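One-based numbering, in listed order, for ligands and for the atoms of each. Owing to the predicted nature of the structure, the values given are computational and were not obtained by experimental measurement.
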Amino acid sequence: MNDKKILLITGATRGIGFTTAVRFAKEGYTIAINDINEQAGKEAIEKLRGQGFDADFFLADITKEEEINAMVKEVGEKHGRIDVLVNNAGGLLGRNPVETMETSFWNKVLDLNLNAPFYATRAVIPYMKKVGGSIINITSIAAYNGGGPGIAAYATAKAGVLAFTRATAKEFIPYNIRVNAVSPGVVDTEFHSQTSKELMEGWKQGIPAKRFGTPDDVANCIYFLTSDEASYLVGEVIQINGGQDFR
Ligand code: NAD
């Protein structure tokens, strides 16, 4: 078994995921980053190894349970342990009002944002049970307030992630596996590449902190939740939103 702790993080070649990978690497973790984008994966690994970090890339589309299972098996067998899983990959996939939404769109959004965390959680448990560990899910302010226009499917999926966090927290704490979540407001990443500048500016005015969140803001909370300092936090959700009302 590898002496160093192992982080497996999905969708981690950019944005919150990549920044979180760097944070854990600085804490001495060996990093297994996943993404659906192979080129981005190669570049992310070059950056991590260039800073002297121990990191590998695992290509998988996390909406496919067989790809997740194969990836988790590869990581688990390579290192003999998986200490932290961050279910990070997610996205809006566009904005669609429910009235005209295709069923296939609804299903794709739920596959990415809700089913994938289920597949990954189920797959890591046999490895995590050996050493105990942490699972962090990323939900969203949209799970509470319904979010901006045309994101009913995303908001619904992220609300499901909240319930999944609380239910799995109870199920796995007997194995010393803590499940918690973070709930960002607006974080300035490529996630918002299709969001209009006007909408973004309007949101910023409504944030008491008068700024968007950064990937570091989120990465720091994720790391804290997995640390020994948070050892009695079980099924908790940390809001990271600059003071926005979220209910
Ligand atoms: P991002 O779009 O910058 O990064 C998402 C990553 O996931 C990308 O690298 C992408 O290639 C990868 N990905 C997409 N589909 C995938 C798949 N099927 N398999 C594997 N990888 C896949 O987004 P981000 O802002 O870094 O968001 C990270 C998480 O935070 C997401 O779960 C998102 O819903 C959540 N979140 C973001 C915000 C925000 O304002 N940015 C707010 C609340 C919650």
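The two residues Asp35 and Ala12 come nearest to each other via the heavy atoms OD2-N, 3.3 Å.
Using modelled atom types and a 3.5 Å distance limit, the side chains of Asn220 and Arg23 yield a donor-acceptor pair. Judged purely by distance below 3.5 Å, without hydrogens or angles, the side chains of Asp216 and Thr214 never pair a donor atom with an acceptor atom.
Under a hydrophobic clustering in which Ile, Leu, Val, Met, Phe, Trp and Tyr are joined whenever their side-chain heavy atoms come within less than 4.5 Å, directly or via other members, Phe172 and Tyr127 fall into the same cluster.
With a 4.5 Å cut-off on side-chain heavy atoms, Val237 and Arg166 count as touching.
Within 4.0 Å of ligand 1, counting heavy atoms only, the contacting residues are Gly11, Thr13, Arg14, Gly15, Ile16, Asn34, Asp35, Ile36, Ala60, Asp61, Ile62, Thr63, Asn88, Ala89, Gly90, Leu112, Ile138, Thr139, Ser140, Tyr154, Lys158, Pro184, Gly185, Val186, Val187, Thr189, Glu190, Phe191, His192.
Glu65 and Arg122 are joined by a salt bridge, as a carboxylate oxygen and a charged side-chain nitrogen come within less than 4.0 angstrom of each other.
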